[in-house]
Amino acid sequence: MTKTKVEPLLVNYKTLEEFKRFKEYGNQELAMLEDLESNIVENDSESPFYGIYYGSALVARMSLYRVRAKYDHYFDPAQDYLELWKLEVLPDYRGQGFGQSLVEFAKSFEFPIKTNPRINSHGFWEKMGFQKAQYDMERDLGENPLIWMPSGVEERES
């Protein structure tokens, strides 16, 4: 795998246009477009969106949100963690390490990470070192979260 550069995506209309290439691949993309549009309206300067370009084309993207320790119900000790959402690589670019590069970028912050995988993506997440969180009906509300923990962090008992 060649070294790929993960870049923060600017909150602007050019990025919105680039996201439209992903739109046809499912409902999560519509939500990502809505997130971006609301950030443009709010003029939010700190973008939660990251991507990888191949030439001038955005070919992979994710949302990465920091959740404050007071809302942490997953990790021990309680701490800030990252919630990784909507990771996607365009079909023609899959299998080339772009998804792995995005996950490794997220891990580089050295915070625990929680994600809710798409159907049929568990193998990818396991390969990236994620594990199933102990299911807590009240906390997880029908989701099946996967978590990754850096050294010194454990899963909180439910």
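Below, each value reflects all heavy atoms present in this structure, side chains not excepted, and no hydrogens, waters or symmetry copies. Nothing here was measured: the structure is a model prediction, and the numbers come from that model.
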Could you give the distance from CG (L84) to CE (M128), rounded to the nearest 0.5 Å?
11.5 Å
So does L102 get a backbone contact from the side chain of E104, meaning a donor-acceptor N/O pair under 3.5 Å?
no
Hey, quick one: are L87 and Y50 part of the same hydrophobic cluster, counting side-chain heavy atoms closer than 4.5 Å, chains of contacts allowed?
yes
Are side-chain N/O atoms of D140 and Y74 paired as donor and acceptor at under 3.5 Å?
yes
Just so I know, are the side chains of K114 and L146 near enough to count as touching, which here means a heavy-atom distance under 4.5 Å?
no
Under a single-linkage definition using a 4.5 Å side-chain heavy-atom cutoff for Ile, Leu, Val, Met, Phe, Trp and Tyr, are V59 and F124 assigned to the same hydrophobic cluster?
yes
Which class fits the ring pair F130 and W148: parallel under 30°, tilted 30 to 60°, perpendicular over 60°?
tilted
Taking C-beta and beyond as the side chain, do L64 and W85 meet within less than 4.5 Å on heavy atoms?
no
Is I113 reachable from I147 through a run of hydrophobic residues whose side-chain heavy atoms are each under 4.5 Å from the next?
no
Is there a donor-acceptor pair under 3.5 Å between the side chain of N116 and the backbone N or O of E143?
no
Hey, can you tell me if F98 and Y54 have their rings parallel, tilted or perpendicular (30° and 60° cut-offs)?
perpendicular
So, E155 side chain and Q134 main chain: donor-acceptor pair closer than 3.5 Å or not?
yes
Euclidean distance, D136 CG relative to E157 CD, rounded to 0.5 Å
11.5 Å
Side chains of M62 and F105 in contact at under 4.5 Å (non-hydrogen atoms):
yes
Could you give the distance from CZ (R156) to CD (Q79), rounded to the nearest 0.5 Å?
9.5 Å
K107 side chain near P150 side chain, heavy-atom distance below 4.5 Å
no
Assert yes or no for the condition that the ring centre distance of F111 to Y81 is strictly below 6.0 Å.
no
Any side-chain heavy-atom pair of E88 and R94 under 4.5 Å:
yes
Any chance you could measure D76, atom CG, to H73, atom NE2, to the nearest 0.5 Å?
13.5 Å
Can you see which heavy atom on G152 is nearest to which on P77, and at what distance?
O-CD, 4.0 Å
Heavy-atom donor-acceptor pair, R61 side chain to V89 backbone, under 3.5 Å:
no
Test item: D72 side-chain N/O and D80 main-chain N/O as donor-acceptor pair under 3.5 Å:
no
Validation row: E126, Q131 side chains within 4.5 angstrom (heavy atoms):
no
Give a yes or no answer on whether the side chain of S101 reaches the backbone of G97 with a donor-acceptor pair at less than 3.5 Å.
yes
When you compare the side chain of F75 with that of E154, does any pair of heavy atoms fall below 4.5 Å?
no
Do side-chain atoms of Y135 reach the backbone of G142 as a donor and acceptor pair under 3.5 angstrom?
yes
Flag if over 12 foreign heavy atoms under 6.0 Å of OH, Y71:
no
Can you find a pair of side-chain heavy atoms, one from R66 and one from E83, that are under 4.5 Å apart?
no
